[in-house]
Chemist: 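Dropping the structure in here first, questions after.
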Amino acid sequence: MSKLANKVALVTGGSRGIGAAIAKRLAADGASVAITYAKDADAAEAVVKAIGFAGRKAIAIQADAANVEAVKSAVEKTVAAFGRLDVLVNNAGTAIPKAFEEATQEEMDRVVDINVRGVFATTQAALKHMKDGGRIIMVGSAVGERAVAPGLVPYAATKGAVKMFTQALAREVGNRGITVNNIQPGPIDTDLNPASGDWAVPQKAATALNRYGHVEEIAAMVAFVAGPESSYITGANLTVDGGMNA
Ligand code: NDP
């Protein structure tokens, strides 16, 4: 029996990178999956097709995480399509790496709106539909706990906010049998943080394993937290970073 049989998951920012790997993995574990994306409809459709070829159900919904009405609507469309919602993965996120004093107000607002405001709004909308056994999962960051390099000041602050949001919310919804956890990736090879180039060198060197992580290594942890074996884990910040924060 698949671990997530008859479950429905919504993965924000599921068209590329870590989110796409999470969507595919949750589907492989038996879930029906809705993904959101901001711009790239073709990439989103490719993920939906890959899940379909593997014999599971998936839909893609255009919803910018910074747009509260859009993310609320994405939750409603997921429930309308699949009849329920068991797992929310707040994965959509962005970083605009540069020295803090050079960051514009617009750039800082964008990072806060996607990484924090969008997470609040999506989670609130999802909780309306979640029942006993529900799972809220954040994709925070290892830099939400320990800032290893300059250039990520607003980003690190938003991921620190995600960490405390997780812990505080776990206290509020625990009596409904819903768990809330935060997966904190280290450097993972994606469009957002490619493993090649100057920016990658210090990040790779900061890990104990001396390498970037793969998207599947984050998806595996998300799948565990989404599944039945994690039933007593809540309010936890689970770091998957190749030892970067060790
Ligand atoms: P990518 O940029 O590679 O992929 C981002 C995904 O999110 C795409 O599917 C993109 O879709 C979507 N997306 C981007 N902006 C929005 C938005 N405003 N609303 C909805 N969807 C959006 O990122 P990663 O996979 O690297 O990152 C995913 C998460 O993991 C983020 O929260 C990030 O902070 C976190 N993380 C990443 C690390 C890394 O090293 N890669 C390390 C630690 C944390 P579209 O193409 O349509 O815009």
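Counting convention: from 1, in listed order, for ligands and their atoms alike.
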Chemist: Look at atom 11 (O) of ligand 1 and say which protein heavy atom is nearest, naming residue and atom and giving the distance to 0.1 Å.
Modeler: S15 OG, 3.1 Å
Chemist: Got a salt bridge between R211 and E217, using NZ or NE/NH1/NH2 to carboxylate O under 4.0 Å?
Modeler: yes
Chemist: I need the atoms of ligand 1 closer than 4.0 Å to a non-hydrogen atom of I114, numbered in the order shown.
Modeler: 18 (N)
Chemist: Does any N or O atom in I188 lie less than 3.5 angstrom from one in ligand 1, N or O only?
Modeler: yes
Chemist: Would you mind finding which of A63, G13, A70, G140 brings a heavy atom closest to atom 20 (C) of ligand 1?
Modeler: A63
Chemist: Treat each ILVMFWY residue as a node, draw an edge where side-chain heavy atoms are under 4.5 Å apart, and state whether L238 and I22 are in one component.
Modeler: yes
Chemist: Could you work out, for atom 30 (O) of ligand 1, the closest of V139, V47, I183 by heavy-atom distance?
Modeler: V139
Chemist: Does the side chain of N90 come under 3.5 Å of the side chain of T123 through a donor N or O and an acceptor N or O?
Modeler: yes
Chemist: Give the atoms of ligand 1, by number and element, whose distance to some non-hydrogen atom of K39 is under 4.0 Å.
Modeler: 45 (P), 47 (O), 48 (O)
Chemist: Nearest protein heavy atom to atom 2 (O) of ligand 1, by residue and atom, and its distance?
Modeler: L192 CB, 3.4 Å
Chemist: I'd like to know if D64 and R110 make a salt bridge, using a cut-off of under 4.0 Å between side-chain N and carboxylate O.
Modeler: yes
Chemist: Run through the side-chain heavy atoms of Ile, Leu, Val, Met, Phe, Trp and Tyr, join any pair under 4.5 Å, and report what else lands in F100's cluster.
Modeler: M108, V153
Chemist: At under 4.0 Å between heavy atoms, is it the side chain or the backbone of K159 that contacts ligand 1, or both, or neither?
Modeler: side chain
Chemist: Considering distance alone, does some N or O of T94 sit under 3.5 Å from an N or O of ligand 1?
Modeler: no
Chemist: Nearest protein heavy-atom contact for atom 28 (C) of ligand 1: which residue, which atom, what distance?
Modeler: N91 OD1, 3.3 Å
Chemist: Taking only heavy atoms of Y155 into account, list the atoms of ligand 1 that are under 4.0 Å away from them.
Modeler: 33 (C), 34 (O), 35 (C), 36 (N), 43 (C), 44 (C)
Chemist: Taking D86 for the side chain and G134 for the main chain, is one N or O donor matched with an acceptor at less than 3.5 Å?
Modeler: no
Chemist: Is there any N or O on T36 that sits under 3.5 Å from an N or O of ligand 1?
Modeler: no
Chemist: Looking only at protein heavy atoms, which one is nearest to atom 19 (N) of ligand 1, and how far off is it?
Modeler: A65 N, 2.7 Å
Chemist: Within a strict 4.5 Å, meaning less than it, do heavy atoms of the L10 and V33 side chains meet?
Modeler: no
Chemist: Look at R16 together with D191 and state whether they make a salt bridge at an N to O cut-off of under 4.0 Å.
Modeler: yes
Chemist: Using a 4.5 Å cut-off on heavy atoms from C-beta on, say whether the side chain of M138 contacts that of K159.
Modeler: no
Chemist: Under 4.0 Å from ligand 1, counting heavy atoms only, is it the side chain of I218, its backbone, both or neither?
Modeler: neither
Chemist: Would E216 and K24 pass as an ion pair if we require N to O under 4.0 Å?
Modeler: no
Chemist: Under 3.5 Å, is there a donor on one side chain and an acceptor on the other for Q184 and N245?
Modeler: no
Chemist: Would you mind listing which atoms of ligand 1 come within a distance below 4.0 Å of any non-hydrogen atom of R110?
Modeler: 18 (N)
Chemist: Are there more than 12 heavy atoms of other residues, nucleotides or ligands under 6.0 Å from atom NZ of K57?
Modeler: no
Chemist: Relative to the heavy atoms of D191, which atoms of ligand 1 are at a distance of less than 4.0 Å?
Modeler: 3 (O)
Chemist: Taking 4.0 angstrom as the limit and counting only heavy atoms of N193, give me the atoms of ligand 1 inside it, by number and element.
Modeler: 39 (C), 40 (O), 41 (N)
Chemist: Could you identify the single nearest non-hydrogen protein atom to atom 18 (N) of ligand 1 and state the distance to 0.1 Å?
Modeler: D64 OD1, 2.9 Å
Chemist: Out of curiosity, I137 CD1 to T179 OG1, how far, rounded to the nearest 0.5 Å?
Modeler: 7.0 Å
Chemist: Any N or O of P185 that comes nearer than 3.5 Å to an N or O of ligand 1?
Modeler: no
Chemist: Number the atoms of ligand 1 from 1 as they appear, then name those within less than 4.0 Å of a heavy atom of T190, with their elements.
Modeler: 3 (O), 24 (P), 25 (O), 26 (O), 41 (N)
Chemist: Side chain or backbone, does S141 bring an N or O within less than 3.5 Å of an N or O on ligand 1?
Modeler: no
Chemist: At what distance is the nearest protein heavy atom to atom 10 (C) of ligand 1, and which residue and atom is it?
Modeler: R16 NH2, 3.5 Å
Chemist: Out of A38, P187, A200, A41, whose heavy atom is nearest to atom 22 (C) of ligand 1?
Modeler: A38
Chemist: One residue to check: I18. Relative to ligand 1, which of side chain, backbone, both or neither has a non-hydrogen atom less than 4.0 Å away?
Modeler: both
Chemist: Classify the side-chain pair Q203/N193 by whether it contains a donor and acceptor separated by less than 3.5 Å.
Modeler: yes
Chemist: Is atom 14 (C) of ligand 1 less than 4.0 angstrom from some protein heavy atom?
Modeler: no
Chemist: Which protein heavy atom lies closest to atom 42 (C) of ligand 1, and at what distance to 0.1 Å?
Modeler: G186 O, 3.1 Å
Chemist: With rounding to the nearest 0.5 Å, note down the distance linking CG in N237 to NZ in K163.
Modeler: 5.0 Å
